[in-house]
Amino acid sequence: MKKSKRILAGILALGIMLSLAACGGKDSSSSGQGGQSGGAALSPNEILVVGVSALPNGIDPEYHNSLEAMALSANVYERLLDWAVTTNENGTCVYDFDYDKITGALAEKWWRSDDGKTVYFKLREGVLSNFGNELTAEDVKWRLDRADALDALGDFHMFSTTGLSTAENVKVEDKYTVSITTDGVSYIGDLIYTHILTGIIDSTEAKKHATDADPWASDWLATNAATFGPYYVTEWSPGSQVVIEANPNYYGQAPSIKKIIYREIPNSANRLAMLQSGDIDVFDWPLPEEINQLKRADGVKIEYHQSNLSLRIEPLCTDPILSSKEVRQALAYAFPYEEVLSTVYLGTAKPMTSIQATIFPYYEKTYHYTTDLEKARELLAQAGYGNGFDVTISIDSAKADLERICILYKTSLEKIGVNLSIEKLPTGDLYNKRVNNDLQLYVNQDMAGFPDPQFAIGIFATNECGMDYNEYYSDFVEQRFAEAKFSLDEELRASVWSDLQKTFADDVGWIMVCEPGYYLPVTKALSGGVWTSLNGFDFRHATLDR
């Protein structure tokens, strides 16, 4: 059996802090939540203003995983491990998904037991939170205890996907060493702690805000941060702005940018105008036409990465009509792929060709559906729907580009006798219906925040991990996934991930529209920010030169 050299070497992996100097009216009052807010006035090069379409509802890594929340988390919470950083062909600093280049963050070194089931993390000594409390193994233990107890995002990220069945298998070995034992030899049992939502919380401070009704301080952690990371929250004003400031106790290189203001500006055109006028420095989620406009603008540059972001239409596979594989295949053949890429995305997006992102390891081009209305009609007839049917597609009402896509799709489906109704829902309502499996078809823009298929495919294509919101199920996929979950055999894993990509595509688990890419227009004065796997920007090593 071919084994992973990375794991079986059994050598202590020394965490090396990378030098990321190359990658790596705007003031606001702050409330000073554990740190040294206030003091000397900051210079213009120490304050960054980010114009966002919406502020997150919170920043608790157990409950808040909107794109906006995760962008904040990337700057606030530190993980045990971190990805190395490289520069892509566009000059943007991005995560390097080479597993052999993973570095230590809060963990100074890490290694596995002889049987491979237990991972040991040796923490850096002397690391302080923004409240001045030292990082110990008890903080890591509390973090996983909390995830297990709350049964939310942390349970999904650190338990389900790795094969960690209970927090009882997380042990404090000494003040600075913690061990985590999975049920089998989990390939990602250590790697998962690069994920942004596995950040470690200062448990000493968090416990002060626990109550009998809220024993894990969830209310307080929603809008506060007890962190060992580079920034901490100093202001949380819903509907207005969130402010984070540099953690004076941060163990790493002190951030050059001392204050980051995330300002809510819902209208995209307003964010565009404010970037060009200099009222904001960063403009999140521009529309395709705005991207092309800004490519020619003075004083602005666009950070771009192909990224892991995907836009797809998810059919409810337990729906009486959509449960038919032939119907889903017909819907895939009826989608106007080229028209959407050219008229909605204006050349800024690329075709989506697998459940696994193009930039991730083990990617294979497996989705081969193109617009073929005749083939679509044949499949509908085979499924017993030669006269068509009615179906509803749901979208986020705040995203105009999604409605454009659905209008084009509606026109195409009419040609094969399918009547598509477009339902526009507020973001929160769409999310609630999605998690309750209550949408026939819906347009989803999402990504897997970790590259290995044990996570990136498992979360969407298997029942075990709980993110299969369209209730896709395949006995073959479940069986093959189980074979790879606790295996270090590289050949077996590669074979399984190939099979899963092919099966999911053939079954039309999703109608795969495109990979929109990550575009972040910023002032030319900004450099050194890093794209993260959750499609936000990490500003800890960024600099401003106004």
Side-chain angles (χ1 to χ4, degrees), residues 50-77 92 94-95 152-153 156-157 195-199 222-223 231 233 236 238-239 241-242 244 260 262-268 271 280 282-288 290-291 302-312 314 348-349 352 357 359 395-402 425-432 434-435 442-451 456 459-460 467 469 513-522 529-539:
V50 182
V52 298
S53 56
L55 292 172
N57 291 331
I59 197 175
D60 185 339
E62 284 303 315
Y63 293 114
H64 301 112
N65 67 334
S66 67
L67 290 171
E68 295 79 14
M70 293 186 294
L72 267 173
S73 292
N75 290 280
V76 170
Y77 281 110
T92 296
V94 301
Y95 281 178
L153 291 170
F156 160 64
H157 288 107
H195 197 293
I196 287 168
L197 293 184
T198 64
T223 56
Y231 293 94
V233 177
W236 196 283
Q241 63 185 27
V242 171
I244 61 175
I260 304 175
Y262 293 85
R263 187 162 293 160
E264 184 169 302
I265 308 164
N267 186 279
S268 180
R271 297 199 302 281
I280 63 174
V282 179
F283 167 19
D284 81 336
W285 304 112
L287 294 171
E290 293 169 334
I291 293 169
I302 297 179
E303 301 284 8
Y304 167 72
H305 189 43
Q306 173 61 31
S307 94
N308 53 337
L309 195 65
S310 68
L311 188 135
R312 65 265 187 163
E314 301 194 16
T348 63
M352 181 183 177
I359 66 168
I395 60 172
D396 187 330
S397 59
K399 297 179 179 179
D401 51 339
L402 302 188
L425 296 170
T427 304
D429 292 347
L430 181 73
Y431 178 80
N432 289 335
R434 182 182 76 163
V435 298
Y442 77 99
V443 183
N444 191 15
Q445 183 167 280
D446 197 4
M447 73 279 151
F450 181 80
I459 59 172
F460 297 125
M467 295 282 282
Y469 294 134
V513 178
C514 66
E515 290 187 340
Y518 179 78
Y519 294 86
L520 188 71
V522 303
V530 179
W531 170 87
T532 75
S533 58
L534 294 177
N535 289 279
F537 235 51
D538 185 339
F539 295 109

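Values below: every heavy atom of this structure, side chains too, minus hydrogens, waters and symmetry copies. No experiment lies behind these values; they were computed from the predicted model shown. In what follows, residues are counted from 1 in the order of the sequence shown.
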Check: Val530 main-chain N/O paired with Asp538 side-chain donor or acceptor under 3.5 Å
no
Listed by chain and number, what are the ring pair (Phe, Tyr, Trp, His ring centres under 6.0 Å) partners of His305, not counting sequence neighbours?
Trp531
Closest contact, heavy atoms only, Tyr63 versus Ala152
CE2-CB, 3.8 Å
Between Glu264 (side chain) and Leu55 (backbone), is there a donor-acceptor pair under 3.5 Å?
yes
Looking at CZ of Arg434 and OH of Tyr469, how far apart are the two atoms once the value is rounded to the nearest 0.5 Å?
5.0 Å
Can you name the residues that form a side-chain hydrogen bond (donor to acceptor under 3.5 Å, both in side chains) with Tyr231, not counting sequence neighbours?
none
Counting only heavy atoms not in Asn57, do more than 12 sit closer than 6.0 Å to its CG atom?
no
Please check if the side chain of Thr92 supplies one atom and the backbone of Tyr304 the other of a donor-acceptor pair under 3.5 Å.
yes
If we ignore hydrogens and angles and just use 3.5 Å, is the side chain of Asn308 paired with the main-chain N or O of Pro451 as donor and acceptor?
no
Mind checking what makes side chain to side chain contact (heavy atoms under 4.5 Å, CB included) contact with Glu68, not counting sequence neighbours?
Ser53, Pro56, Ser66
Any donor-acceptor pair under 3.5 Å linking the side chain of Arg263 with the backbone of Val52?
no
To the closest 0.5 Å, what do you measure between CG (Asp284) and CG (Leu520)?
7.5 Å
Mind checking the CG-CD1 spacing from Leu72 to Ile260? Nearest 0.5 Å is all I need.
8.5 Å
With Tyr519, which residues qualify under side-chain hydrogen bond (donor to acceptor under 3.5 Å, both in side chains), at least two apart?
none
What residues, two or more places apart in sequence or in another chain, satisfy side chain to side chain contact (heavy atoms under 4.5 Å, CB included) together with Asp429?
Leu425, Pro426
Please report the closest heavy-atom contact between Met352 and Leu311, naming both atoms and the distance.
SD-O, 3.9 Å
The criterion is side chain to side chain contact (heavy atoms under 4.5 Å, CB included); which residues satisfy it with Ala71, sequence neighbours excluded?
none
Kindly write out the residues that satisfy side-chain hydrogen bond (donor to acceptor under 3.5 Å, both in side chains) with Ser268, not counting sequence neighbours, or none if the list is empty.
Glu290
Is there side-chain contact between Phe537 and Val522, with heavy atoms separated by less than 4.5 Å?
no
Please list, chain by chain and in numerical order, all residues satisfying side-chain hydrogen bond (donor to acceptor under 3.5 Å, both in side chains) with Tyr262, sequence neighbours excluded.
Asn75
Separation between CE of Met447 and CZ of Phe460, rounded to the nearest 0.5 Å
8.0 Å
Are Thr348 and Pro516 packed together at the side-chain level, in the sense that at least one heavy-atom pair is separated by less than 4.5 angstrom?
no
Taking every non-hydrogen atom, the tightest pair across Ile459 and Ala448:
CD1-CB, 4.0 Å
Determine whether Gln445 and Trp285 make a side-chain contact, defined as any pair of heavy atoms from C-beta on separated by less than 4.5 Å.
yes
Going by the rule salt bridge (charged side-chain N to carboxylate O under 4.0 Å, His left out), which residues pair with Glu515 if we only count those two or more places apart in sequence or in a different chain?
none
If you measure from CG on Asn535 to OG on Ser307, what distance do you get to the nearest 0.5 Å?
4.5 Å
Give a yes or no on whether the backbone of Phe283 and the side-chain of Arg271 come within a donor-acceptor separation of less than 3.5 Å.
no
Could you state the interatomic distance from CD1 (Ile395) to OH (Tyr442), rounded to the nearest 0.5 Å?
14.0 Å
Could you pull out all residues at least two apart from Leu153 that satisfy side chain to side chain contact (heavy atoms under 4.5 Å, CB included)?
Asn65, His157, Leu197
